[in-house]
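Below is one structure, written out as structure tokens; comments come after it.
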Amino acid sequence: MFEVLMYLFESYIHTDVETMVEQDALADELTQAGFHKQEILKALAWLERLADLQEAEETPAWAKSEPSSFRIYTAEETYKIDAEGRGFLLFLEQIQILNAETREIVIERLMELDPPEIELEDLKWVAMMVLFNVPGGESAYHQLEELIFEQPEGVVH
């Protein structure tokens, strides 16, 4: 599923297409690209849920609370997102790339991925996908993009 998400992100990130692509046409394109139908459906559902989180009329309780660098992870989250990943999320909050709302969206989207444990590189891509899709997240997206792609070798994150 993650490979499908990456394919879509890389294929559509630099397009100026504002219109919605028909799901059937997109599924056909992905099938032609060699992805399995089940993985395509999971990825499209994942993206739909991301859109739903951003378009929700009612603000979730966690988004109403004061921003905090302190977050208690559930046992499932701790298993799926290792200490390095949780540290990176905290780092992104501390440098104000993520806020409490976008952090929670990133965590929620990570928990829906198939792998039982999330690699740091995958976490970075999910954070970029979330920031790319969050209204008003353009600046944070570009900051994260610079952090990930323009840092010299040897930098901790």
Side-chain angles (χ1 to χ4, degrees), residues 1-23 25-26 29-30 33 35 39-40 42-71 73 77 80-115 117-157:
M1 174 178 71
F2 191 72
E3 289 80 17
V4 176
L5 292 170
M6 290 301 300
Y7 176 87
L8 289 171
F9 187 65
E10 291 173 352
S11 296
Y12 291 96
I13 182 120
H14 296 295
T15 64
D16 292 329
V17 177
E18 291 288 328
T19 59
M20 296 292 291
V21 177
E22 185 180 313
Q23 187 168 344
L26 188 57
E29 175 188 337
L30 292 167
F35 296 107
E39 297 302 309
I40 293 168
K42 285 185 204 175
L44 294 176
W46 190 94
L47 289 169
E48 188 174 316
R49 179 70 178 130
L50 175 59
D52 290 347
L53 287 171
Q54 295 159 18
E55 295 173 3
E57 291 184 26
E58 183 179 320
T59 305
W62 48 260
K64 296 176 187 174
S65 62
E66 286 294 315
S68 171
S69 60
F70 183 75
R71 185 190 192 278
Y73 287 83
E77 291 169 340
K80 194 158 193 156
I81 307 168
D82 65 9
E84 184 179 34
R86 294 188 309 271
F88 186 68
L89 289 171
L90 177 60
F91 171 72
L92 293 178
E93 278 188 270
Q94 290 173 338
I95 62 173
Q96 299 179 345
I97 288 178
L98 292 179
N99 57 32
E101 180 178 5
T102 54
R103 174 198 65 213
E104 293 303 316
I105 294 172
V106 168
I107 292 169
E108 197 276 339
R109 293 293 72 217
L110 287 169
M111 296 307 295
E112 292 295 318
L113 292 176
D114 286 340
E117 295 177 11
I118 303 296
E119 300 289 327
L120 181 59
E121 290 304 310
D122 296 345
L123 185 150
K124 291 175 182 180
W125 282 107
V126 169
M128 287 183 65
M129 288 180 208
V130 167
L131 291 173
F132 181 78
N133 287 290
V134 170
E138 296 85 7
S139 176
Y141 170 81
H142 290 297
Q143 286 179 296
L144 180 57
E145 186 177 44
E146 287 177 14
L147 178 72
I148 292 173
F149 296 116
E150 297 181 12
Q151 291 294 322
E153 290 295 320
V155 175
V156 174
H157 293 289

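Computed from heavy atoms alone, side chains included, the values below leave out hydrogens, waters and symmetry copies.
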Note to self: If you count every heavy atom of other residues, nucleotides or ligands that lies below 6.0 Å from Glu112 atom CD, does the total exceed 12?
What the structure shows: yes
Item checked: Glu117 atom CD: more than 12 heavy-atom contacts under 6.0 Å -> yes
Note to self: If the test is side-chain contact (heavy atoms from CB on, under 4.5 Å), which one of Leu90, Val106, Ile105 qualifies with Leu98?
What the structure shows: Val106
Item checked: Candidate list Val126, Asn133, Leu5, test side-chain contact (heavy atoms from CB on, under 4.5 Å), partner Leu50, passing option -> Asn133
Does the side chain of [X] reach to within under 4.5 Å of the side chain of [Y], using non-hydrogen atoms?
| X | Y | answer |
| --- | --- | --- |
| Arg109 | Met129 | no |
| Leu8 | Trp46 | no |
| Lys80 | Met111 | yes |
| Arg49 | Glu108 | yes |
| Val134 | Glu101 | no |

How far does [atom1] of [X] sit from [atom2] of [Y], to the nearest 0.5 angstrom?
| X | Y | atom1 | atom2 | result |
| --- | --- | --- | --- | --- |
| Leu44 | Met1 | CG | CE | 10.5 Å |
| Leu123 | Asp82 | CG | CG | 8.5 Å |
| Phe132 | His142 | CZ | NE2 | 8.5 Å |
| Glu145 | Lys124 | CD | NZ | 13.5 Å |

Item checked: Residues which pass ring-ring contact (aromatic ring centres under 6.0 Å, His included) with Trp125, listed by chain and number, not counting sequence neighbours -> Phe9, Phe149
Notebook entry, point to check: With sequence neighbours excluded, what pairs up with Phe35 under the ring-ring contact (aromatic ring centres under 6.0 Å, His included) test?
Noted result: Tyr7
Margin query: Does this structure show an ion pair linking Glu77 with Arg86, if we count only N-O contacts that are shorter than 4.0 Å?
Written below: no
Margin query: Using every non-hydrogen atom in the two residues, find where Gly85 and Leu120 come nearest and quote the distance to one decimal.
Written below: CA-CD1, 4.2 Å
Next item on the list: Could you give me the CA-CA distance, side-chain angles and deciding distance for Arg71 and Ile107, then say whether side chain to side chain contact (heavy atoms under 4.5 Å, CB included) is met?
Entry: CA-CA 11 Å; Arg71 185 190 192 278; Ile107 292 169; 3.5 Å; yes
Notebook entry, point to check: Yes or no on side chain to side chain contact (heavy atoms under 4.5 Å, CB included) for Leu30 and Glu39, after CA distance, side-chain angles and deciding distance?
Noted result: CA-CA 10 Å; Leu30 292 167; Glu39 297 302 309; over 6 Å; no
Next item on the list: Just jot down the side chain to side chain contact (heavy atoms under 4.5 Å, CB included) partners of Leu144, sequence neighbours excluded, or say none.
Entry: Phe88, Leu92, Ile97, Ala127, Met128, Leu131, Leu147, Ile148
